[in-house]
Number of protein chains: 2
Amino acid sequence: MEAKTCLCKNIDPQEMQSMQNEVPNADTISRMAEFFKVFGDGTRLKILYYLSRHELCVADLSGLVGMQQSAVSHQLKLLRLNHLVKLRKEGSTVYYALDDCHVDSIFALALLHIQEQK
Amino acid sequence: MEAKTCLCKNIDPQEMQSMQNEVPNADTISRMAEFFKVFGDGTRLKILYYLSRHELCVADLSGLVGMQQSAVSHQLKLLRLNHLVKLRKEGSTVYYALDDCHVDSIFALALLHIQEQK
DNA sequence: CCAGTATATGAATATGTGTTCATATATGTT
DNA sequence: AACATATATGAACACATATTCATATACTGG
């Protein structure tokens, strides 16, 4: 992962081609960006944190994150569309739970980064 | 804002309290969200990918990601403010390189997630 | 000095996003 | 049946953000 010297403007066309060949394709890049965007919001981070501790219904999540039920519902839908949470209905109550086992490691990496600054 | 009606039917109140005590504080949550936001854009992802391969000047990055020099400059500033890239000046040329050793593992986690979805 | 090159920056704009409000749907209770 | 509860949803708004354009700054070579 050691960076070579920049060949600025005189870059070897083969090297340029090699990098461009190996860059993730547009669809992959787009899906990766979407994935990270999901984590780029405090409300969703809190929801994911609480769900990493416990399966929870919408009302309780609303109370825990301090946001209106509607806001939480909207965010839960987004999380569900991105395959990060799943739901289970029990009567009129809907319980949400994590649907991705990597959430903890992703949180850990982010914490590592922000702790290394300053 | 308290949950009015659903008083944690399945969760004992101690666990509820424990979760609220252990949730990352507002500043940490905010910084984590900022961190993920940086990765939530295709142009920045491509820049980070190329920099993980080579130290590169702005002009070459601009060519590689297919974006105007100005756009790349703006994004590089954002990446620098978030301690993800560092710069080295040589005459009028500015070379950028990664400044965070976790970028590869973060990319790997994201790829893992999107590959697990069908 | 001047002209050319490399990068940075501010303003403008267009697009995206998070929240709230009001309301709809679905289930439960009497 | 009516009414309450739990959640979902659409519209509207305010705010953030990515890009482009025009221009500024900084360095290089003649």
Side-chain angles (χ1 to χ4, degrees), chain A residues 6-11 26 29-30 32-48 51 55-82 85-97, chain B residues 1-11 26 29-30 33-48 51 55-82 85-97:
Chain A
C6 177
L7 302 169
C8 192
K9 286 303 177 190
N10 303 317
I11 189 162
I29 289 285
S30 166
M32 286 177 73
E34 279 310 306
F35 174 70
F36 287 120
K37 250 183 257 183
V38 176
F39 288 85
D41 176 77
T43 300
R44 286 192 293 269
L45 285 183
K46 281 191 266 185
I47 290 175
L48 289 172
L51 292 182
E55 177 191 59
L56 286 162
C57 71
V58 180
D60 281 348
L61 271 173
S62 168
L64 283 165
V65 308
M67 207 65 65
Q68 291 199 325
Q69 171 267 317
S70 173
V72 174
S73 247
H74 281 295
Q75 300 295 14
L76 284 169
K77 181 171 192 177
L78 201 149
L79 289 169
R80 195 160 51 79
L81 290 175
N82 282 277
V85 305
K86 59 189 172 187
L87 62 81
R88 174 177 71 84
K89 295 189 178 180
E90 196 172 286
S92 64
T93 304
V94 181
Y95 293 98
Y96 282 86
Chain B
M1 190 182 306
E2 277 298 306
K4 294 175 181 175
T5 41
C6 181
L7 296 173
C8 34
K9 303 157 192 160
N10 294 357
I11 313 147
I29 289 284
S30 167
E34 280 308 307
F35 173 70
F36 286 121
K37 250 182 256 183
V38 177
F39 288 86
D41 176 78
T43 301
R44 286 192 292 270
L45 285 184
K46 281 191 266 185
I47 290 174
L48 290 171
L51 291 182
E55 180 189 56
L56 286 162
C57 70
V58 180
D60 281 349
L61 272 173
S62 169
L64 283 165
V65 308
M67 207 66 65
Q68 292 200 325
Q69 170 267 318
S70 173
V72 173
S73 247
H74 280 297
Q75 299 295 13
L76 284 169
K77 181 171 191 176
L78 202 149
L79 289 168
R80 194 161 51 81
L81 290 175
N82 282 277
V85 305
K86 60 188 170 188
L87 62 82
R88 174 178 72 82
K89 295 189 180 182
E90 195 172 288
S92 63
T93 304
V94 182
Y95 295 98
Y96 282 87

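Within the 4.0 angstrom heavy-atom criterion, only backbone atoms of the sugar-phosphate kind lie near Arg44(A); the bases stay farther away.
Atom CG in Leu87(A) sits roughly 11 Å away from atom C1' in dA8(D) (whole-Å rounding). We find that CD1 of Ile47(B) is positioned 8 Å from P of dT19(D), with the value rounded to whole Å.
Each of dT17(D), dC27(D), dT9(D) was ranked by its minimum atom distance to the side chain of Ser92(B); first place goes to dC27(D). Closest contact between the side chain of Gln75(A) and the listed nucleotides dG28(C), dT20(D), dT19(C) involves dT19(C). The side chain of Met67(A) sits closest to dT20(C) out of dA6(D), dA18(D), dT20(C). Distance from the side chain of Leu78(A) is smallest for dG18(C) among the nucleotides dG18(C), dG10(D), dC21(D).
Interface remark: the Thr93(B) side chain does not form any donor-acceptor pair with the dC27(D) base, using a distance-only criterion of under 3.5 Å. For Gln69(A) and dA8(D), a side-chain-to-base donor-acceptor distance below 3.5 Å is present, hydrogens and geometry of angles not being considered.
A sub-4.0 Å separation between OP1 or OP2 of dA6(C) and a side-chain N or O of Tyr96(B) is absent. Residue Thr43(B) places at least one side-chain N or O under 4.0 Å from the OP1 or OP2 atom of dT19(D). OP1 or OP2 of dA8(C) lies within a sub-4.0 Å distance of a side-chain N or O belonging to Ser73(B). Proximity of Gln68(B) to the phosphate of dC21(D): a side-chain N or O atom is located under 4.0 Å from OP1 or OP2. Distances shorter than 4.0 Å separate none of the side-chain N or O atoms of Lys77(B) from OP1 or OP2 on dA8(C).
Annotation: of the two residues near DNA chain D, His74(B) and Arg80(A), the 5′-most nearest-nucleotide partner is Arg80(A).
For Arg44(B) (side chain) and Lys37(B) (main-chain N/O), a donor-acceptor pair under 3.5 Å exists by modelled atom type.
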Go through the steps for Met67(A) and Gln75(A) under the test side-chain contact (heavy atoms from CB on, under 4.5 Å), then give the verdict.
CA-CA 11 Å; Met67(A) 207 65 65; Gln75(A) 300 295 14; over 6 Å; no
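Scanning all heavy atoms of the two residues, the minimum distance from Tyr96(A) to Leu51(A) falls at O-CD2, 3.3 Å.
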